[in-house]
Engineer: 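Dropping a structure here in structure tokens format, bear with me for questions.
To find a chain, count down the sequence lines: A is the first, B the second, and so on, and within it residues start at 1.
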Amino acid sequence: MQPHYSPREIEAQAQAAWEAAEAFTAKEDPSRPKYYCLSMFPYPSGKLHMGHVRNYTIGDVLARFHRMRGYNVMQPMGWDAFGLPAENAAIASGVAPARWTYDNIAYMKKQLKSLGLAIDWKRELATCRPEYYRWNQWLFLRMLEKGIAYQKTGLVNWDPVVQTVLANEQVIEGRGWRTGALVEKREIPMYYLAITRYAEELLAELDNLPGWPEQVKLMQKNWIGKSHGVRVGFPYTLPEGGSGILWVFTTRADTLMGATYVAVAAEHPLAAFIEECKKGGVTEAEIATQEKKGMPTGLTVTHPLTGEALPVWVANYVLMGYGEGAVMAVPAHDERDFEFAKKYGLPIRTVIAAPGGGTEREAPAAAMTEHGVCINSGKYDGLGFEAAVDAIAADLAAKGLGEKKVTWRLRDWAISRQRYWGTPIPIIHCEACGEVPGPDEDLPVVLPEDLIPDGSGNPLAKCERFLRCTCPRCGRAARRETDTMDTFVDSSWYFLRYCSPDAASMVDERVDYWMPADQYIGGIEHAILHLLYARFWTKVMRDLGLATVSEPFANLLTQGMVLNHIFFRKGEKGGITYFAPDEVEVHRDAKGLITGAVCKADGQPVEYGGIGTMSKSKKNGVDPQALIDQYGADTARLFMMFAAPPENTLEWSDAGVEGAWRFLNRLWKLVHAHVEKGVVPAYGGGSLPDGLKALRRQIHATLQKVTDDIGRRKTFNTAIAAVMELTNALGRVNDDSPLARAVVQEGLELVVHMLWPIVPHICEALYAELRPGARLMDATWPEVDQDALVEDEIDLVVQVNGKLRGQIRVPRDADRAAIEALARANPNVQKFIDGLTIRKVVVVPGRLINIVAN
RNA sequence: GCGAAAGUGGCGGAAUUGGUAGACGCACUGGACUUAGGAUCCAGCGCCGCAAGGCGUGCGAGUUCGAGUCUCGCCUUUCGCACCA
């Protein structure tokens, strides 16, 4: 056996052996339980980043573990290949997005392979290929038929200089990122998917997902935002004649008697699209944090119960997309209304009693938003929240000016993008027939791959060979739609295509074998949008009879981000220059805290910016390739899995990598030393002296813990820590007797089994030394020997008044009286109970005894 | 602003069901080996204290025989907010 661990060699060998055996090619096999291990597919941005390495290593550990446990495992991989960065690359360097994307895929695939992932590459897909996106188009047409897809107008960010729609990401402090021009809101026609039709099911089925983290389910629940309220009508008469009813939605109908004005969104039909409100972005965060602004419309509406005339204001805090796009304002009991009323001097009328019992303060200092009893509300005085809502809703209904209503925060999904690098929307514009769905025979509507965007508009709009077509209805010359689909469409069903990657239809019956995915792994940042869209899309496919599955992901693991230190220098003009961590020398104080740093190149100080997510712009990324080249894939995988539990953020540490490397070297040397003395059969029974009995107990206790940590808890860091402890214990054995060597042999064999999911290459190599000719890729997960775990005596902790005062060793089955007697006999315990009266003795079996005395 | 999480030694983290706080690793200190050490091995390592012991899980209260863990209030950080993926 080689005395030194050389990862380059053994990793190439192991990967070649897996490939030759086609070990990870998955085939449907109804005789075995299946395990579909799915990781979020990467966007081919150029090269792998640490987040990818972490994501795919977690998936690989679970895939390999379940394979050893006897499951029929399928772990696929693909490319989320459409999107904005390819267009940005084209703008920056003139390369066609297609070319850039395919080059990146080729490079990143090589990188993924060097990590030694147990992936079935036969199922690989890229969403920018016509054979994939044709089914986006096909399903879109089916949705149009069902009325799930429809057209209406929506708001976008408009850069007036380049005459282009901008993504929210491209708007920086209200200005276009390349032009610096003030961005305007603009209303344009778009296609929507009616995800709100599925709101009730998307909400209800969260309860059927025990394998999802509670916080993700809660975030989805809040996002869907089912709320029970009342739709209230405020009649009005326009000065020039006409009349109508202004409808609002409120969850606080009990405060209707306190309404002092009505506010509508800037895009509400009652308001003109007011110039002032055109400015600023379209994101909810921006709207919620901007200064409350508004203006009176000059109109008034009639309070449906009191008949009072209330002014109508346009307010920038009212969202057109939610409820009715208009609200009744009750400043006394809503914070936003309160702030607005203060600013514009509108009246504030308290109609709910404050919890303290205070009643009619003229000028409250803040809105009282709690539920309470109605006051100053005429016939409703004294009613609680529910009674008041019921009574008011009934009175409104009698007048035809209201009813109880359920409203959702969730909005329909706008999928139109005014971009080139995406799935063409299969719609044909005909002068005579209008917007006509493209016929199925035309699919796929192929995206030309040789166009190069320049940042102004969509190059498809100038591409005659793409645009020209005939109207399927009247046969006259027509033009194709140039909008493409949101890339969330691509990622909403790729996991279904993996199940039948070569199907002639969108999917085939193999989806019913593999789905749902038994484990889905990806970034927490996708907790809402991607996961919600994927759930919706799956349900639509189910309702079209394409699959039987309702919920695509049985278990969800949301991994944390990978962070690193940030260093920067502020320029004279306020610009910030970032420095990579390896470009600076860090200064620490006596406690090890970072106090400052200097740039190695010029010796001048740089500022320390704390810890943040690895990103290109902050130059704090670490290239995984350099890590793999220097230490090998196993060290990279081990460090990633050991440094933090998967849900936590992970701080990058060069020293931590060294630690992982050292452990693998120690393990190699330990097996080498053992093997050089000759391999022996693993311990197979017979009586053991106390020391070896304890070692064997540790071996099987470790196996039990690691099985639970990987399989149930998914805390790979604690599994590794336990194996490290066991390895240290095995290394301390200084006994060459046949019995001792047999126990160590058993221990080492179990160690390489337990570590195979995490560091498969080195384990494959070590196992071949421990059992010449054997391969771990064919091995099964070992069984815990329950007999080895049994202990005759156990240690108990003794506390006096909750403080640790001693330890006692008692027989495993000692009774309460015996334990108490032993505890009271302990000299240190006696010292602390001396002179006190014992009030109570708490015995926790197997753990501790607490003597309460005073 | 709204929604969701997190906060434990010098650092990453462990403590799984309310029951020994600090496993494992890193950093650091001392020693061994060595021509050499940025290799390897051994030992120590929360804070205060000579010790006995006391204190200690972001801050402040509370429940309990017992709280890192449960409850309430606050502070800080991170993620998401619908056109980044």
Side-chain angles (χ1 to χ4, degrees), chain A residues 40 42-43 45 80 82-85 154 156-157 165-171 213-216 218-219 221-223 225 282-290 317 321 335-336 410-419 486-488 491 523-530 532-533 558 560-561 563 588-593 610-613 639 642-645 647-651 653-660 662-663 665-666 669 705 708-709 712-713 715 717-718 720-725 728 795-799 801-804 807 839-842 844 847-853:
Chain A
M40 290 184 188
Y43 178 79
S45 54
D80 190 11
F82 274 138
L84 204 51
V156 294
N157 303 300
V165 175
L166 298 183
N168 285 339
E169 191 192 47
Q170 298 173 313
V171 179
E214 285 304 319
Q215 74 264 27
V216 173
L218 190 55
M219 277 193 267
K221 188 179 167 198
N222 291 337
W223 185 263
V282 299
T283 72
E284 191 178 326
E286 226 169 331
I287 290 162
T289 52
Q290 71 196 348
Y317 69 93
E335 274 163 30
R336 290 161 306 175
L410 182 67
R411 308 201 296 261
D412 280 345
W413 173 14
I415 58 157
S416 296
R417 297 291 179 271
Q418 298 69 45
R419 303 255 171 69
D486 183 1
T487 56
F488 274 126
S491 56
I524 181 71
E525 66 273 21
H526 297 290
I528 296 177
L529 289 177
H530 161 62
L532 197 62
Y533 291 147
T558 51
M561 307 235 174
L563 315 179
R588 291 170 188 271
D589 65 12
K591 292 196 163 184
L593 293 170
I611 288 199
T613 56
F639 167 72
F642 182 58
E647 292 89 350
N648 280 27
T649 56
L650 184 150
E651 276 181 39
S653 156
D654 289 325
V657 174
E658 285 281 346
R662 274 204 291 269
F663 171 72
N665 275 281
R666 275 204 304 278
K669 277 193 283 188
K705 178 170 174 57
D708 188 49
D709 281 357
R712 180 182 63 91
R713 299 175 67 207
T715 52
N717 55 327
T718 55
I720 293 165
V723 176
M724 282 177 171
E725 283 185 79
N728 292 343
D795 289 315
L796 286 190
V797 162
V798 187
Q799 296 179 335
N801 291 330
K803 293 203 193 253
L804 176 65
Q807 283 205 346
R839 303 288 174 196
K840 188 173 175 182
V841 177
V842 181
V844 183
R847 284 203 180 265
L848 59 66
I849 167 166
N850 186 17
I851 300 170
V852 184

Engineer: Among all residues two or more places apart in sequence or in another chain, which pass the ring-ring contact (aromatic ring centres under 6.0 Å, His included) test with A:F488?
Structural biologist: A:Y533
Engineer: Please list, for nucleotides 3-7 of chain B, all pairs of protein and nucleotide N/O atoms separated by less than 3.5 Å.
Structural biologist:
residue : atom : partner : partner atom : Å
B:G3    : O3'  : A:N222  : ND2          : 2.7
B:G3    : O2'  : A:N222  : ND2          : 3.0

Engineer: Is a donor from one side chain sitting under 3.5 angstrom from an acceptor on the other, for A:T718 and A:D709?
Structural biologist: yes
Engineer: Where does B:G54 fall, syn or anti, if syn means a chi angle no more than 90° from 0?
Structural biologist: anti
Engineer: Defining pairs by Watson-Crick or G-U wobble geometry with both distances under 3.5 Å, how would you list the stems of RNA chain B with at least three pairs each?
Structural biologist: B:1-7 with B:75-81, B:10-12 with B:24-26, B:28-32 with B:40-44, B:46-48 with B:53-55, B:58-62 with B:70-74
Engineer: Does A:W223 have any ring-ring contact (aromatic ring centres under 6.0 Å, His included) partners at least two apart in sequence or in another chain, and if so, which?
Structural biologist: none
Engineer: Distance between the C1' atoms of B:G46 and B:A23, in whole angstroms?
Structural biologist: 15 Å
Engineer: How far, in whole Å, is B:C75 from B:U63 if one measures between their P atoms?
Structural biologist: 24 Å
Engineer: Over all strands shown, is A:V156 touching base, sugar-phosphate only, or nothing at heavy-atom distances under 4.0 angstrom?
Structural biologist: base
Engineer: Atom pairs under 3.5 Å, N or O on each side, protein against nucleotides 46-48 of chain B: can you list them with distances?
Structural biologist:
none

Engineer: Pull out every protein N or O sitting under 3.5 Å from an N or O of nucleotides 14-18 of chain B, one pair per line with the distance.
Structural biologist:
residue : atom : partner : partner atom : Å
B:A14   : OP1  : A:N717  : ND2          : 3.1
B:A15   : OP1  : A:R713  : NH1          : 3.4
B:A15   : OP1  : A:R713  : NH2          : 2.6
B:U16   : O2   : A:R712  : NH2          : 2.7
B:U16   : N3   : A:R713  : NH1          : 3.2
B:U16   : O4   : A:K705  : NZ           : 2.4

Engineer: For A:N728, what residues pass the side-chain hydrogen bond (donor to acceptor under 3.5 Å, both in side chains) criterion, not counting sequence neighbours?
Structural biologist: none
Engineer: Between A:V165 and A:Q418, what is the shortest heavy-atom contact and its length?
Structural biologist: CG1-OE1, 3.3 Å
Engineer: Only counting residues at least two apart or in another chain, list the ones meeting ring-ring contact (aromatic ring centres under 6.0 Å, His included) with A:F639.
Structural biologist: A:W652
Engineer: If you measure from the C1' atom in B:G19 to the same atom in B:G31, how many Å do you get, rounded?
Structural biologist: 39 Å
Engineer: For a quick check of understanding: with a heavy-atom distance under 4.0 Å over all strands, which category does A:H530 fall into, base, sugar-phosphate or nothing?
Structural biologist: nothing
Engineer: With sequence neighbours left out, what residues match A:R419 under salt bridge (charged side-chain N to carboxylate O under 4.0 Å, His left out)?
Structural biologist: none
Engineer: Please state the P separation for the pair B:C48 and B:C11 - nearest whole angstrom.
Structural biologist: 15 Å
Engineer: For A:E284, what residues pass the salt bridge (charged side-chain N to carboxylate O under 4.0 Å, His left out) criterion, not counting sequence neighbours?
Structural biologist: A:R409
Engineer: Generate the contact string for nucleotides 60-71 of chain B. Rules: B means base contact, S means sugar-phosphate contact only, - means no protein heavy atom under 4.0 Å.
Structural biologist: -----B------
Engineer: Looking only at N and O atoms, is any donor in the side chain of A:Q170 or the base of B:C83 less than 3.5 Å from an acceptor on the other one?
Structural biologist: no
Engineer: Using the P atom as the reference point in each nucleotide, state the distance between B:G44 and B:G25 in Å, no decimals.
Structural biologist: 13 Å
Engineer: Just the atom pairs and distances: protein N or O near nucleotides 25-34 of chain B's N or O, under 3.5 Å.
Structural biologist:
residue : atom : partner : partner atom : Å
B:G25   : OP1  : A:N728  : ND2          : 3.2
B:C26   : OP1  : A:R662  : NE           : 3.2
B:C26   : OP1  : A:R662  : NH2          : 2.9
B:A27   : OP2  : A:R662  : NH2          : 3.3

Engineer: In whole Å, measure the gap between the C1' atoms of B:U76 and B:G58 for me.
Structural biologist: 8 Å
